[in-house]
Amino acid sequence: MTEVFEPLIAAQVAWVREFRDLDFKIEDVRKGSENAKYADRFTLVVPCCFERIRWQIIFKAAYPTLAPDFVFPAENETFQPLLVMPEIPAAASGKVGLLGLLRDWNVRDSARLLRLVLQLRYLYLWHQRKLVERIENQRVRFEINSIGAWEGLEICLVGPEDRPEEVQLAIPMVDVDLHPLLDLRPRLDLPGMESLMQELNPLVPYQNIILQVKFPLNKASTSSLLPAPQFKVALPVNIREMMDTADIPFQPWTESECLMAYLINLQDQLKDNVKEARMAMDYRRQFIEAIPKVFGHPLEAETVYFRRFTIVACIHVFTFLAHFTLPAAFPKVPPSFYLQSTQHFDNSSKPLRSRLYDDFPYSPRWDMDEMVRRIAMFMQDEATAFKKQCQDFAKK
Amino acid sequence: MAATGVQQKHVGGVGSGDVGDGFVYDLEHMRHSPEDIVFCLDVDSEAEGDMKSSGSKNAQVSTRLSAIKQAVILFMYSKLDIDRRHRFAIATLADRASWHLRPFTSDVDYVVRAMRDISATRCYDRCDLYSLFRLVYDERQHSMNAGHYLRLILIYCRSAVVPDMEGSWSRGSRHFMCDAIYLHDKPKPNNRPQQVFDALVEKIELVSNSDTAYIFESSNGLPRTLFKHMCLLLTHPLQRCVQEDLDTPRDLAKWDPTKGYCNSGAGSSGRVVVTNLGGGGNGRGGTSDGGAAPGNGIGGATHAGHGMVVVLGPSRTQQGADDDSSPGYGHGAATT
């Protein structure tokens, strides 16, 4: 049975859960005692850099107006947020005021826990940065110093503090303009969330393409030689519909290269990728708009990124649906579709589906009308075969 | 859609690939959002009326209600294949409406298990649609807060009970789309399916927030007709044309890659002219199979001064009662 939070606590948890710019997870919801009516404690999974750390948050259901306790994992025993706080500029500007939040805890301000978690996360990342700066490796120090002022940079140390295994950096590509693509899908935030986001800047992480860099640390980590870093790109949720990270070719890393130069080149390349993604959106829209000339109006088309649409058609009395997907790299990569019968069902009452078709005659050089015409020719044959398969299945 | 007055609307010609005059498929200016869809199932004993055999051993569709349940399942799976964010709820309609499953959910298995409980064993001599519209209307704020478009799909099965509104509905309160499928017996002295259909149209027009509500009717008892109508209701309310302009499903068997759709079965010009003779027509061409197109006299009878008359090309008049074939372009049975 799913445990239910005390209502005032539930409102606090809802704001954390609904915060869209960080993927917080609420796990292990439980009560303080067996006979308690409500749950009042849980594990909060906090994304930091590209690790996921787990904090225990403990309220008291009998006294929901009291501020919660936080329990950090054993491997973070040196993280002392109240001691870290005076060192950071954001504290001086009042953006981080941990003591104030705890001392003047007001449970009726439903966003209070979210503010607290974001500030703790910010302090945790500051603490991690300090740990990395203490690593006695010239190369790591050089790289951190050169990009240390990069806006939105997050740094984490992985492994025990006395024997770290790798340094991770999450670097937002701040010069790559993603607007208005980032905002194409409207946000449905809780009322007041938008103004809170402005208030919480810079505690709120960047919504941009993030380059993830991992520097593995040798056992003899004092030398300037390190294995080559590993790179990976993480896209904001909205952008994943328009770009595929597989299409971003990373330049090979050379030992003589520095991270700052690599980042500048990568940003230039990503700007081209984003420009291509914008053009591909137009091509996808044009393709869907060409569909009615042969198939009639689609039943439904996704109108933000133009990645999916569905049509209904028939072969004599056999009516079927065709569900299309247009890849992010269309028209370089062809669309794919599968058929679905409207008259034949399996033993679980699910409508029968065909295989995925992406092997029809296709050329990215054809105009949209020709592409649609060729798909229709292919579909004439395949739908007839699919109808037979469905009829054979139904006779079993 | 005008309910009165002479109205002529020409649908684009065969092979031209043109869409209806009134509807341009301009995706850039179309909207989309996930939907919250309420299925309302009629639980009068007429829902246990027989359907014709589907020939399939694993589709349990021997009665109207079982066919409707399968049609709802078909709809849900299809809709979720398009967008996983769509959600569903179930209401039933006896003499009044009541909830059977809510809140809205995308869990098809859960809805299927809930529908198993629905049976139709009692007779009801009245039907209050106001109670149904009120139930759905009360969900509008939740749906709006979730960014979902609210829609009602009513599936009605009574051939003699004309639905009524036991409450006053303000024309300003049009906050959801309402579609309907009407399964009925052929006209006989002891029933009145035409009046029922006209009442459904009138009530749905009163509450729907758009003139693109769809109403289909069928008396041929074929499950595949019901399934086809259900698939046409998959059309997203924000991306629809009016029902008269509906141009699917197109028969690919009649499509020539070099010439487009052939004329056979679609009339000499492939044009569908919808004329209202006045007196409160419903303007609906529909995709009725086997019977006449809705609004032109169910069972082929035209009621003078009432309803719509669909005038088609000569070859359309040959469509028989069990003919489910769709012409290459356009649709609807032919009667004048």
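Since this is a predicted model, take the numbers as computed values, not measurements. Residue numbers begin at 1 in each chain, while the letters A, B, ... track the order of the sequences.
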**Student:** Quick check: are there more than 12 heavy atoms from other residues, nucleotides or ligands sitting under 6.0 Å from CZ of B/R31?
**Tutor:**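 Open: at most 12 neighbouring heavy atoms sit under 6.0 Å from CZ of B/R31.
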
**Student:** Apply the test side chain to side chain contact (heavy atoms under 4.5 Å, CB included) to residues B/I82 and A/H323: give CA-CA distance (whole Å), side-chain angles for both, the deciding distance (0.1 Å), then the verdict.
**Tutor:** CA-CA 7 Å; B/I82 302 172; A/H323 299 281; 3.9 Å; yes

**Student:** Enumerate by number any residue of residues 369-377 of chain A whose heavy atoms lie under 4.5 Å from heavy atoms of chain B; in the absence of such residues, state 'none'.
**Tutor:**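 Checking residues 369-377 of chain A against chain B gives A/R373, A/A376, A/M377.
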
**Student:** NE2/B/H32 to CZ/A/R308 distance, rounded to the nearest 0.5 angstrom?
**Tutor:**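 If we round to the nearest 0.5 Å, B/H32:NE2 and A/R308:CZ are 9.5 Å apart.
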
**Student:** Working to the nearest 0.5 Å, report the span between CG of A/L299 and SG of B/C231.
**Tutor:**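 The distance works out to 7.5 Å.
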
**Student:** Determine whether B/L252 and A/M379 make a side-chain contact, defined as any pair of heavy atoms from C-beta on separated by less than 4.5 Å.
**Tutor:**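 Yes, close enough: below the 4.5 Å cut-off.
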
**Student:** Looking at A/Q380 and B/A253, would you say the former's side chain and the latter's main chain have a donor-acceptor pair under 3.5 Å?
**Tutor:**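 A pair under 3.5 Å: no.
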
**Student:** Just so I understand: if I count every heavy-atom pair under 4.5 Å between each of A/S341, A/P351, A/G296, A/C390 and chain B, which residue has the most?
**Tutor:**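 Top option by heavy-atom pairs under 4.5 Å: A/G296.
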
**Student:** In Å and rounded to the nearest 0.5 Å, what is the NE2 to OG1 distance from B/H29 to A/T303?
**Tutor:**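 Reported value, rounded in 0.5 Å steps: 12.0 Å.
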
**Student:** Quick check on A/F320 against chain B: is it the side chain, the backbone, both or neither that has a heavy atom closer than 4.5 Å?
**Tutor:**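 The answer is the side chain of A/F320.
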
**Student:** Are A/S349 and B/Q70 side-chain neighbours, meaning at least one heavy-atom pair lies under 4.5 Å?
**Tutor:**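 A side-chain contact under 4.5 Å exists here.
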
**Student:** Examine whether an atom of B/K69 lies under 4.5 Å from a heavy atom of chain A, and if so say whether it belongs to the side chain, the backbone or both; otherwise answer neither.
**Tutor:**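 For B/K69, neither part sits under 4.5 Å from chain A.
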
**Student:** Heavy-atom distance under 4.5 Å between the side chains of A/I311 and B/R250, does that happen here?
**Tutor:**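 Of all side-chain heavy-atom pairs linking B/R250 with A/I311, none is under 4.5 Å.
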
**Student:** Heavy-atom cut-off 4.5 Å, strictly under: side chain, backbone, both or neither for B/D26 against chain A?
**Tutor:**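 Both backbone and side chain.
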
**Student:** Below 4.5 Å from any heavy atom of chain B, which atoms of A/T325 appear? Answer side chain, backbone, both or neither.
**Tutor:**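 Neither part.
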
**Student:** Heavy-atom cut-off 4.5 Å, strictly under: side chain, backbone, both or neither for A/I288 against chain B?
**Tutor:**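 Both backbone and side chain of A/I288 come within 4.5 Å of chain B.
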
**Student:** Go through the atoms of A/Y338 and report whether side chain, backbone, both or neither lie under 4.5 Å from a heavy atom of chain B.
**Tutor:**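 For A/Y338, the contact with chain B is made by the side chain alone.
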
**Student:** Measuring from atom CG of B/L234 to atom OG1 of A/T310, what distance do you get when rounded to the nearest 0.5 angstrom?
**Tutor:**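 Those atoms lie 8.0 Å apart.
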
**Student:** Is there a donor-acceptor pair closer than 3.5 Å between any side-chain N or O of B/Y261 and the backbone N or O of A/V294?
**Tutor:**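 Yes: the side chain of B/Y261 pairs with the backbone of A/V294.
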
**Student:** Considering only heavy atoms, which portion of B/H86 lies under 4.5 Å from any heavy atom of chain A: side chain, backbone, both, or neither?
**Tutor:**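 Only the side chain of B/H86 comes within 4.5 Å of chain A.
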
**Student:** Quick one: pull up OG1 in A/T319 and NE2 in B/H229 and give me the separation to the nearest 0.5 Å.
**Tutor:**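 Output value for this atom pair is 9.5 Å.
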
**Student:** Could you walk me through whether A/V317 and B/R224 pass side chain to side chain contact (heavy atoms under 4.5 Å, CB included), step by step?
**Tutor:** CA-CA 8 Å; A/V317 299; B/R224 66 171 183 238; 4.1 Å; yes

**Student:** Chain B heavy atoms under 4.5 Å from A/Q340: which part of the residue, side chain, backbone, both or neither?
**Tutor:**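 Interface part for A/Q340: side chain.
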
**Student:** Go through B/L246 and A/H297 one step at a time and tell me if the side chain to side chain contact (heavy atoms under 4.5 Å, CB included) criterion holds.
**Tutor:** CA-CA 8 Å; B/L246 202 52; A/H297 297 108; 5.8 Å; no

**Student:** Does A/K350 reach the side chain of B/V108, with side-chain heavy atoms less than 4.5 Å apart?
**Tutor:**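 A/K350 vs B/V108: side chains apart.
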
**Student:** Decide yes or no on side chain to side chain donor-acceptor pair (under 3.5 Å) for A/E300 and B/T235, but give the supporting numbers first.
**Tutor:** CA-CA 6 Å; A/E300 187 169 333; B/T235 317; over 6 Å; no

**Student:** Heavy-atom cut-off 4.5 Å, strictly under: side chain, backbone, both or neither for A/F318 against chain B?
**Tutor:**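 Looking at A/F318, nothing touches chain B.
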
**Student:** Is the number of heavy atoms from other residues, nucleotides or ligands within 6.0 Å of OH (A/Y283) greater than 12?
**Tutor:**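 Open: at most 12 neighbouring heavy atoms sit under 6.0 Å from OH of A/Y283.
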
**Student:** Could you check whether the rings of A/F345 and B/F227 sit parallel, tilted or perpendicular, using 30° and 60° as the cut-offs?
**Tutor:**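 Perpendicular, since the angle between the ring planes exceeds 60°.
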
**Student:** Contact part of A/T342 toward chain B, heavy-atom cut-off under 4.5 Å: side chain, backbone, both or neither?
**Tutor:**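 Both parts, backbone and side chain.
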
